Amino acid sequence: MSPRPAVRPGGRSARVQESVHQAVRELQAEQAALTVPLVAARAGVTPSTVYRRWGDLKELLSDVAVERLRPEAPPADHGSLRADLDHWAAGFLEEMSSGPGRSYVRDTLAGDPDGSNAGQCSAYAREQVETILARAVQRGEHVPDIDTVMDHVVAPMMYRVLFRPGPLDGGHARDLVATVLYRLMPLP
């Protein structure tokens, strides 16, 4: 499958993408059995438009899931690296391990033949963590490098979300943060 064409802001492609995404969200809310023709009819486009843009239903659902996983705001500033990472990690784990979160993660991966959607989701988390680390640096705090946080906080949470269906809580996220800050971070 070739990469998806870039969407021009405000162009026809952007309007089609928004109407198709909206149709998917509405049909999912109605718990309809999704098909490309059903989505296309709801969006007011032809099925061939959907196939041309997304290839198949799995890729469409993956694209919609990526948009739903996009953070709506930068991470909150709680005054310290520890507090910021604790709050962000607990919220991230809660969102990703919720029923809808797990469904979006599964959809993202199921229709992502080249890994670009998974990469985009990873970039969302990385941007959030980079914001937290940059604020801590501005406050004069010693910070771990971004890859340490991604590998030892985000990656274990996503592993649990994907492969261990049991409940997860903020305590697990805070334990991972503590491990990074107190065991894995080099001393200044």
Side-chain angles (χ1 to χ4, degrees), residues 1 3-4 7 13-45 47 49-76 85-129 149-177:
M1 190 81 343
R4 292 181 192 99
V7 176
S13 185
R15 287 189 303 274
V16 167
Q17 180 177 343
E18 179 51 37
S19 66
V20 170
H21 278 213
Q22 181 64 33
V24 168
R25 289 189 300 268
E26 289 171 3
L27 291 164
Q28 285 175 327
E30 296 167 13
Q31 299 183 349
L34 295 179
T35 64
V36 169
L38 182 63
V39 170
R42 176 70 63 99
V45 299
T49 298
V50 175
Y51 288 120
R52 196 171 36 255
R53 171 76 170 92
W54 286 279
D56 63 23
L57 184 61
K58 283 184 180 180
E59 288 189 49
L60 171 58
L61 294 177
S62 179
D63 195 44
V64 171
V66 169
E67 286 303 310
R68 296 194 91 170
L69 291 170
R70 180 190 304 265
E72 294 177 4
L85 274 178
D86 276 349
H87 282 88
W88 179 83
F92 180 83
L93 183 59
E94 179 182 332
E95 181 178 346
M96 293 296 118
S97 66
S98 70
R102 286 177 194 261
S103 179
Y104 299 147
V105 170
R106 282 190 304 270
D107 284 350
T108 296
L109 298 175
D112 191 21
D114 65 1
S116 61
N117 284 345
Q120 184 59 56
C121 289
S122 176
Y124 294 155
R126 188 177 184 92
E127 289 167 6
Q128 295 274 295
V129 172
V149 177
M150 295 303 291
D151 292 346
H152 296 282
V153 176
V154 178
M157 289 191 294
M158 291 309 299
Y159 172 84
R160 297 278 302 261
V161 166
L162 288 168
F163 300 113
R164 295 189 56 196
L168 299 168
D169 64 22
H172 178 67
R174 288 185 291 278
D175 287 346
L176 294 169
V177 169

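Every value quoted in this text rests on a predicted model; they were computed, and no experiment measured them.
R42 and A23 make their closest contact through CG-CB, 3.4 Å (heavy atoms, listed as atom of the first residue, atom of the second, distance). Pairing each heavy atom of P47 with each of P37, the nearest pair is CG-CA, 4.1 Å. In plain terms, the two heavy atoms of P71 and Q128 that are nearest each other are CB-NE2, 3.6 Å. Summarising the geometry of R174 relative to A90, their closest heavy-atom pair is NH1-CB, 3.7 Å, with the distance given to 0.1 Å. When all heavy atoms of S97 and L168 are compared, the pair lying nearest together is CB-CD1, 3.8 Å.
Between the OG atom of S122 and the CD atom of E127 there is a distance of 9.5 Å, given to the nearest 0.5 Å. Distance check: L93 CG to L176 CG gives 8.0 Å after rounding to the nearest 0.5 Å.
Between F92 and V153, every side-chain heavy-atom pair lies at or beyond the 4.5 Å cut-off. Proximity of R160 to H172: side-chain heavy atoms (C-beta onward) are separated by under 4.5 Å at one or more points. The shortest side-chain heavy-atom distance between D63 and V24 does not fall under the 4.5 Å cut-off. Looking at heavy atoms from C-beta onward, D107 lies out of side-chain contact with V64 at the 4.5 angstrom threshold. Inter-residue side-chain proximity for V66 and Y124 is flagged as met; some heavy-atom pair is nearer than 4.5 Å. Annotation: side chain of P113 is in contact with side chain of E59 (closest heavy-atom distance under 4.5 Å). Proximity of R53 to S13: side-chain heavy atoms (C-beta onward) are separated by under 4.5 Å at one or more points. Within the 4.5 Å cutoff, no side-chain heavy atoms of V50 are placed close to those of L57.
Using a distance-only test at 3.5 Å, with no hydrogens or angles considered, a donor-acceptor pair links the side chain of T108 to the main chain of Y104. With hydrogens and angles disregarded, a donor-acceptor distance shorter than 3.5 Å links the side chain of S19 to the backbone of R15. The main-chain N or O of N117 is found under 3.5 Å from a side-chain atom of D112 such that the two form a donor-acceptor pair.
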Can you check side-chain contact (heavy atoms from CB on, under 4.5 Å) on L34 and L60, steps first, answer last? CA-CA 11 Å; L34 295 179; L60 171 58; over 6 Å; no

Apply side-chain contact (heavy atoms from CB on, under 4.5 Å) to V36 and D56, showing your working. CA-CA 7 Å; V36 169; D56 63 23; 5.9 Å; no

Can L69 and Q120 be said to form a side-chain contact (heavy atoms from CB on, under 4.5 Å), step by step? CA-CA 10 Å; L69 291 170; Q120 184 59 56; over 6 Å; no

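Between the side chains of R25 and Q22, at least one donor N or O lies within less than 3.5 Å of an accepting N or O.
In this structure, R68 does not pair ionically with E95, as no charged nitrogen and carboxylate oxygen lie closer than 4.0 Å.
The environment of E26 atom CD is dense: over 12 non-hydrogen atoms of other residues, nucleotides or ligands sit within 6.0 angstrom. Atom CD of E30 has more than 12 neighbouring heavy atoms from other residues, nucleotides or ligands inside a 6.0 Å radius.
The ring pair (Phe, Tyr, Trp, His ring centres under 6.0 Å) test applied to H87 returns H78, not counting sequence neighbours. Contacts of R70 classified as salt bridge (charged side-chain N to carboxylate O under 4.0 Å, His left out), with partners at least two apart in sequence or in another chain: E67.
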